[in-house]
Amino acid sequence: MTMSQGTCDLMQRELAKCIKCGTCRSVCPVFQEVDSEALVARGKLRLVEAVLEGKLDYTPGFAERMSLCLLCKACASACPSGVKADKVFVKMREMLVEKRGLHAVKRFVFTWLKYRRIFDWSLRFGAVFQNLFFKTAQQGTGKEARIPIPVAGLNKRRIIPPLAVRPFRSQMPEVIKVLKPRMKVAFFTGCMMNYIYPDAAHSLVNVLRKNDIEVVVPQDQQCCATPIFTSGDEQTARQLIQHNIKVFKGLSVDAIVTGCASCGLAWKKEFPEILNTRAAIREARELSGKTFDISEFLIKNGYRQDFREVNLQVTYHDPCHLKRGQDVFKEPRELIKAIPGIVYKEMAGADQCCGSGGSFNLAYYDISRGINNRKVDNIAKSQAQVVLTGCSACRMHIADGLGRQGKPIQVWHTIQLLDMAYGEKGLEDERRENDGGDDY
Ligand code: SF4
Ligand code: SF4
């Protein structure tokens with residue numbers, strides 16, 4: 001299969017728009033960390049141009065420069081010419097996969113992600129035996145590697161959250177009913193809320209229930225494919241996207257709700273761009289039109305405001321894929337400020353990337369850590385007790401940074417604060433009381 005003319009046209013169109021002004025240098029987190037023109041949008045676009053014109057080959061060095069991007073969209077939103085540089089880099093990654101093949105580790109991981117049952121069982125197995133390889137971190141909340149494996153920063157005392165012993169979806173019935181439903185929604189959990197942060201997923205369901213909204217949690221859903229298509233493996237991504245569309249299109253629901261910024265962006269904008277048949281694109285568009293981030297959904301459809309007082313000083317971190325990807329940034333702040341007792345402090349650079357960037361932090365932990373240090377400093381200066389966000393990957397990366405710097409500040413998903421403010425029992429509390437179990 002060769003790259004379509006449409007893909008080349010898209011890249012050429014974006015390249016032609018660039019007036020080489022260098023505005024992207026002032027906002028690119030990677031450039032701020034490494035100070036190299038070859039790693040900022042302007043420089044990388046010139047490299048792409050040279051490759052398309054045949055003046056430069058698809059070398060490992062070029063491939064590396066294409067990988068050194070967080071896809072944070074800061075350059076695209078600051079660009080006076082509207083150059084969507086991040087889109088160009090993803091398209092070029094596809095071209096690189098076509099020319100050079102996919103890295104063996106990624107090929108293995110993406111194949112693993114395709115087989116939901118094997119993926120699910122291996123993570124459950126990993127959760128049971130995780131204490132053999134990881135111990136409680138000396139600082140912060142989470143775990144660190146017992147053996148300093150030189151992978152993904154695990155040899156640098158990286159703090160990671162534990163895997164859930166029981167993934168969220170396995171704890172839920174397929175339909176969570178309420179007495180007098182005013183709406184019915186489907187919950188796309190994403191992998192991280194399912195396997196790492198079921199606390200946030202439970203809160204999301206609790207908040208919907210407390211607002212008389214029936215929730216369907218399809219057990220058959222799979223990864224949203226963001227790590228796959230952003231690595232250039234469009235073919236595997238299409239298989240997962242088509243599977244998810246098949247699972248969700250048959251549901252008679254008013255909306256699809258997500259609590260993950262990248263999953264939401266994928267459903268809303270990227271699925272229709274990646275699919276390649278008219279029928280599939282039409283189906284994806286129909287579903288994308290009714291997909292909402294949970295904060296956006298609550299603001300749009302109304303929510304109970306009989307909150308109890310929560311005396312906390314909090315700040316909010318904007319996930320790149322929520323603010324610049326979906327234009328959702330007022331909604332979470334509005335929800336937070338609606339809770340009595342909350343003292344909200346806007347941090348400096350709230351919408352600057354935390355340095356996670358999906359798999360970027362696994363491949364380039366040191367750069368990612370440097371970017372995260374600035375975020376942690378801004379959080380600390382806000383004097384918040386809790387930093388809220390709307391993305392599990394940001395939550396994980398910020399918690400690592402805070403823990404490493406010994407800052408006793410917690411990181412929650414915004415929906416957890418709302419759940420707490422409603423102050424009633426959730427489904428998992430009722431279940432725990434019946435089972436006497438604790439799944440986290
Ligand atoms: S800000 Fe936009 S137009 Fe200016 S150099 Fe960067 S990509 Fe090109
Ligand atoms: S998407 Fe972010 S990391 Fe990538 S070039 Fe643009 S500003 Fe830099």
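For ligands, and for the atoms within them, numbers begin at 1 and follow the listed sequence.
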Peer 1: Relative to ligand 1, is R25 under 4.0 angstrom through side chain, backbone, both or neither, heavy atoms considered?
Peer 2: neither
Peer 1: Which residue holds the protein heavy atom closest to atom 6 (Fe) of ligand 1, what is that atom called, and what is the gap in Å?
Peer 2: C24 SG, 2.4 Å
Peer 1: Would you kindly say whether Y58 and E98 are connected by a side-chain donor-acceptor distance under 3.5 Å?
Peer 2: no
Peer 1: Looking at R93 and E234, does any basic side-chain N land under 4.0 Å from a carboxylate oxygen?
Peer 2: no
Peer 1: Looking at atom 3 (S) of ligand 1, what's its closest protein heavy atom, distance included?
Peer 2: I19 N, 3.4 Å
Peer 1: Please assess D400 against R369 for the test salt bridge (Lys or Arg N to Asp or Glu O under 4.0 Å), listing each intermediate value before the final yes or no.
Peer 2: CA-CA 9 Å; D400 174 30; R369 189 73 282 127; 2.6 Å; yes
Peer 1: Looking at K345, is its backbone amide N or carbonyl O close enough to the side chain of T315 to form a donor-acceptor pair, meaning the two atoms are under 3.5 Å apart?
Peer 2: yes
Peer 1: Using the six-membered ring wherever Trp is involved, compare the ring planes of W267 and F188 and label them parallel, tilted or perpendicular (cut-offs 30° and 60°).
Peer 2: perpendicular
Peer 1: Counting heavy atoms only, which part of L71 comes closer than 4.0 Å to ligand 2: side chain, backbone, both or neither?
Peer 2: backbone
Peer 1: Can you report which non-hydrogen protein atom sits closest to atom 5 (S) of ligand 1, along with the distance?
Peer 2: G22 N, 3.2 Å
Peer 1: Considering L45, T23, L15, which one's heavy-atom position lies nearest to atom 7 (S) of ligand 1?
Peer 2: L45
Peer 1: Does A85 have a heavy atom less than 4.0 Å from any atom of ligand 1?
Peer 2: no
Peer 1: Please answer whether the main-chain N or O of I371 pairs with a side-chain N or O of Q32 as donor and acceptor at a distance below 3.5 Å.
Peer 2: no
